[in-house]
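Report on one structure; see the data block that follows.
Chain naming here is simple, since letters A, B, ... match the order of the sequence lines and numbering starts at 1 in each. Side chains are part of it too, since the values below use all heavy atoms of this structure and drop only hydrogens, waters and symmetry mates.
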Amino acid sequence: MLPLLIRELVDNKHWCTEEEVLDYFSLAQCTPGVIAINSATFVGYKRGKVWGGIIASLGVVTVPIIIITVIAAVLQNLMAYPLVQHLFAGVRIAVAALMTITIFRLVKKACKDGISVGIVIVSFALLAVLKLNSVWLVLLAAVFGIAYGRWFKK
Amino acid sequence: MIKTILLLIFEFMKTGLLAVGGGMAAIRFLQDMMAQYGWITAEELANIIAVAESTPGPIGINAATYMGYSVLSNYGMGWGILGGIITTLSLITPQIAVIVLVARGLEKYRSSKLVNDAFSALRPAAAALVASAGWSVVHSTLEISAQPLSINLTSFIIYALLLTAMALPKLKKLHPALFLLIGGIIGILFQL
């Protein structure tokens, strides 16, 4: 996504500099929610304040909403056919494999030091074994991070 | 139905506000909704993830639209379409609000010790969110059960082969949708 953003925003439209795009993109990952929406809101806000942010984000979601709605409506009718059911049974296995790869990549990236390894393991245990709600985990992690930074890090 | 719509709005706003780690982390929030309200089955959710991953556009947005459609289309297609729009807008509204606030005090946010401390723990926690979302999908797809210990052997072999193929250096760069297609073809050939 990043090369596409730079080409459009920097080279074609001259709306922001390359540094700004990179900066927004990294900030978009340090704010909650879908990264594409966060980046779009940053760029939109820079050009047109609050309305700019809203319009840029609506721009990002419009096409996916249309595409997904069409796919969902078509699939709903096709799911009655055994052929499509077999197809999706296979696709689901591929999804499981794909998610496994993503997990390895993400976890490897997240495990920077002892404390982050600990957080990954404890969080996973809370989520997968104790079935803790995601909301509680996010709040717990935020509080832990702040407390740790305040009292244990020099 | 009004109650379902209000719950969808509430749940998706919560997801938009708290799903650190992007769209993949949001999948775990969808699983929470599934467990709490029984709106969709694990199989349907895996189908939603499959479509969300193989369609252009952000995964989180795609999944939100699909989930909204699936839940409300029980009342008719018109409601389904509305459902997809409602969930997607609910997901992005709190995010836009957060970013506008952050953008106003950009330097303050960037250099805030509180924010940096929180995110140094939130990043690994987000990886765990994605990991547990993936584990649930693997668990339900391969029909793993602990007591008595069992697994769907056919599914597991296909899973292991696909996983190996995806990890190969030469094939790693291929578009994920291609692997989903291969999975689909295997599914048809073996009548899974």
Report the C-alpha distance between B:Phe29 and A:Asn133 in whole Å, list the side-chain angles of each, state the deciding distance to 0.1 Å, and finish with yes or no for side-chain contact (heavy atoms from CB on, under 4.5 Å).
CA-CA 8 Å; B:Phe29 283 72; A:Asn133 198 287; 5.7 Å; no

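Judged purely by atom type and a 3.5 angstrom limit, A:His86 has no side-chain atom pairing as donor or acceptor with the backbone of B:Gly187. No donor-acceptor pair under 3.5 Å is formed between the side chain of A:Arg92 and the backbone N or O of B:Gly184. At distances below 3.5 Å, not a single donor-acceptor pair connects side-chain atoms of A:Gln29 with backbone N or O atoms of B:Gly21.
Residues A:Thr69 and B:Tyr66 have side chains that never bring a donor and an acceptor to within less than 3.5 angstrom of each other.
Atom NZ of A:Lys49 and atom CZ of B:Arg104 lie 7.5 Å apart (nearest 0.5 Å).
Within residues 135-145 of chain B, the residues having any heavy atom under 4.5 Å from a heavy atom of chain A are, by residue number, B:Trp135, B:Val137, B:Val138, B:Thr141. Contacts with chain B (heavy atom to heavy atom, under 4.5 Å) involve these residues of residues 41-48 of chain A, listed by number: A:Thr41, A:Phe42, A:Tyr45.
Contacts of B:Ile59 with chain A are absent, with no heavy-atom separation under 4.5 Å from either backbone or side chain. Contacts between B:Val130 and chain A at a heavy-atom distance below 4.5 Å involve backbone atoms as well as side-chain atoms.
Closest heavy-atom contact between A:Ala94 and B:Met166: O-CE, 3.6 Å.
Interface remark: of the candidates A:Ala72, A:Ser123, A:Pro64, A:Ala72 forms the most heavy-atom pairs closer than 4.5 Å to chain B. Most heavy-atom pairs under 4.5 Å with chain A, from the set B:Gly80, B:Ala46, B:Gly57: that is B:Ala46.
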